[in-house]
Amino acid sequence: MVTKSTFGPLKQEEFNDELFMTDHPIRILLAKIGLDGHDRGVKVLARSFRDAGFDVIYTGLWQTAQSTMLAAMQEDIDVVGVSLLSAAHMTVMPEVLRHRKELGIENVPVVLGGIVPEDEHRLLHEMGCAAVFNPGSSIDSIVEKFKALAAQRRRLSFDEAIAGYKSKNDAALGQLITYIQRDQLDNGWTPPDGSAKVFGITGAPGVGKSSLIGKLGKAMCEKGFKVAVVAVDPSSPVHGGALLGDRLRMMWGEPGDNFFIRSLSSGKQYGGLGPQCAEVIRALNGYGFDYILVETVGAGQSDVAIRDVVDKTVLVLMPESGDSVQFSKAGIMEIADMFIINKCDLPGADATEGQLKSAIDANRQICRVSTVRNEGIDVAAEHLLSQ
Amino acid sequence: MATKPISEPQSASSNKAYYGPEDVNGTDYAREIADPGTFPFTRGIHPEMYRKRTWTMRQFAGFGSAEHTNERFKYLLGQGQTGLSTAFDLPTLMGRDSDDPLSLGEVGKCGVAVSSLDDMRRLFDGIALDQVSTSMTINAPAAILLAFYIAVAEEQGVGPDKLRGTLQNDILKEFHAQNEYVFPPRPSVKLVTDTIEHGTNEMPLWNTVSISGYHIREAGANAAQELAFTLADGMSYVEHALERGLDVDEFAKRLSFFFDVHNDFFEEIAKIRAARRIWARVMRDKYGAKLERNWWMRCHAQTAGVTLTEQQPTNNIVRVAYQALAGVLAGVQSLHTNSMDETLALPTEKAVKVALRTQQIIACETNVTQVADPLGGSWFIEQKTNEMEAEANAIFREIDDLGGVIGAIEQGYFRRCIADSAIKQSVAFDSGEAEVVGVNKYVEDDYERIDVLKIGEDVEKKQVARLTQMKRDRDAKRHKESLDALTKAAADDANVMPFLIDAAKANATVGEMMEVMANVFGRYDGGPEW
Ligand SMILES: Nc1nc2c(ncn2[C@@H]2O[C@H](COP(=O)(O)OP(=O)(O)OP(=O)(O)O)[C@@H](O)[C@H]2O)c(=O)[nH]1
Ligand SMILES: [Mg+2]
């Protein structure tokens, strides 16, 4: 465990070996900023990093410098990789580094990949980029560099993280969650009680849970609430790494800074929730959020673990998947407090609603939404808030 | 983050020391190959090919402001180039105006910024639009840029029936590879169908869609995937146009294709030969086209940008020359040769000239133009052509099983296939199995650098200022009415083309028209990612 509180990068002999165990994967964020859509390289890298045992958050296309660094803070990222294949790096990178400073997370190294002419490498280093990779760099060299940078990253000590948490510092909250998730709370600290309402959002893989949470969360924030999300994605059983894909869909709702999203990998634990999920939720609760939305790994019949950690459970379904009703029949169907049929822009919503109605008792709410068309979101948010 | 130069043979399933008659045993000359100009056109769409007319040399140009690009156009016309090809900047490609916050730092960088009719007018200033053929590389907002072009021509007194050129307008490959989509797949294809319908009725000389494999390949697909995905996209457009009630013999002749010419010399030639054979058969036998010219797979080709290296950049001239030769031996209708500095930045004038000269040397000095399909009948080439066709057919079946092209997009099929191939190539390069001269073979620490073109920041400032002024000066009432009419047309599922032309004339901007349509169609988040 890292408890040093000296400033500056750790020396070689202080490298934190534990970070390299698959139980505690290095957390990296890969981002494409601006309009450039060339994602061949970044996707090859994302998969390579996962296979090398990293937890990888890829935030998708069309991000801004601000959304990227905000994500790095909330997710307690060890290294940020920015891919810019248009000619905009000299405009975008200063913005990225400015936001890093404003958010107080200068301990997070930022690496740039792109088509960067020779003479600009030096400028970028001086500006504060930890490394610049041009086309043609080998994957291995990039992975090694990320490992070295992660090992040198100066994290908050546990006590510093608690102190920051108490003074409502989001960066400290981000780091504290990592300690909690790694079960490194060694001095018996427990978070204060909070008054958040906790919703579990569950449903078959791909029904649109994350997209929906992005929109619902945004709608709730617009009403003035502070909203946190815990999104759990599966770890690869082979490599121990994970591609944490939920945030990508949620960012689509362009969340602002009273919307705190944290992605977790399920690690070796199965059943829809990651390790220490309940403790992470408690910490968020004690921090002062009004609502906490928990997305679980595409739920199967046996995944009713969620019920123990949330106040209410929402089951998400989609049209044309008689399956999704079938799929959910046992277990989850009984425990759900509310149902949302997403993707109602697709044909078959009536049929799905009919099937659903015949499968449940009448007094549970059913909402129809389409996140792509932005339809029904406000109504669904109302119902959720009145649960 | 980093893309890799690629050189290994990409999808070869057979790999023998030599080929003989037994490798093409079942291949019937008349049925499978046939003379050039004869169904199924494996050997080319014309009997005389380049003896009668060489291919069109079409160099992509566009950078900075409309004036800069206009100058480059005039320069290229003066150098003997025979068609104009326009590259738009990223904001325009994404349907955003130069003053949109997301456009920051991108205006005029990788192409020309066109936000309004005013920009389009300056882009073609002094160029008579009935005298040139213009190709516009634009997709999500293609219908809008076409509307601008039609409006500018009208101001010059040139009717739409006189306009010659090509709109890339291939939204499907954006979902597979290039990521310049805005609306979800279904309404996106509806827009393409609107332009096909409009073109068929009003612009008989205009190529409405350039169905593109280039970007699919550059994103990492292998040759067989490029071939199959591109043709599948083509079939999807045909099916949507048929559903709209259009007559295949009316619109099919205006669909053209755009392929990559990569490093694997013979495989690339086989790929294009196979494309012609497959397309001829589906057009005649599946879609019932009766006119022979509607069976032709006409194509533009471009040398492979991903194969160029930053190291020892003059080597790129040689790569481009071999690739260009492969394109010519495959019988393409037009060709773009990349400039040696394209991996670094926009090409300089000198580099563009060398690239153009490369084509001219092939055309004037090598005599390869004197015979059609010189490689036809080579056991290797014919076997390879058969192999490409068989691989493509297997991929078509997979796509069908997923409910066609749109179904496969929605399930992430194309992206997954392309990412898998890209990873394989990356591994082969890293292990040294794939050799790239100057990068992991014959490496020099100190190599000659070349000059690259940099676009000044003032382009963006000026462009934004001009746009702001234009918005202030335009007739606000007419502007609003035109956008309201567009909203209604989109909501009523009408053909939006006439409404876009009207809005263009009312000085509505690209970003405004896209926004209006997005409010009806929705915005797409890219679908399944892995
Ligand atoms: N047509 C349509 N597609 C949608 C809608 N909402 C989400 N999608 C698509 O559904 C796919 C899955 O969305 P996600 O939000 O990632 O779904 P998820 O349930 O969180 O998926 P997992 O976390 O992988 O189980 C994406 O490709 C979205 O684009 C909608 O309202 N309509
Ligand atoms: Mg999800």
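Per chain, numbering begins at 1; letters A, B, ... match sequence-line order.
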Backbone N or O of A:R122 within a donor-acceptor pair of the A:H125 side chain at under 3.5 Å? no

B:V427 versus chain A, heavy atoms under 4.5 Å apart: side chain, backbone, both or neither? neither

Which bit of B:A177 is near chain A, if near means a heavy-atom gap under 4.5 Å: side chain, backbone, both or neither? backbone

Which one of B:A419, B:A518, B:A422, B:A219 has the most heavy-atom pairs closer than 4.5 Å to chain A? B:A219

Salt bridge or not for B:E515 and B:R523, using N-O below 4.0 Å? yes

With only heavy atoms counted, which part of B:P101 is less than 4.5 Å from chain A, the side chain, the backbone, both or neither? neither

Side chain, backbone, both or neither: which part of A:S211 has a heavy atom under 4.5 Å from chain B? side chain

Can you find a heavy atom in the side chain of A:S67 that is under 4.5 Å from one in the side chain of A:T59? no

Is the shortest distance from a Lys or Arg side-chain nitrogen in B:R186 or B:E410 to a carboxylate oxygen in the other one below 4.0 Å? yes

Which atoms of A:D36 approach chain B - backbone, side chain, both or neither, heavy atom under 4.5 Å: both

Do the charged groups of A:K209 and A:D246 touch, with an N to O distance under 4.0 Å? no

Are A:I28 and A:F49 close enough that some pair of their side-chain heavy atoms sits under 4.5 Å apart? yes

Where on B:D420 is there a heavy atom nearer than 4.5 Å to chain A: the side chain, the backbone, both, or neither? both

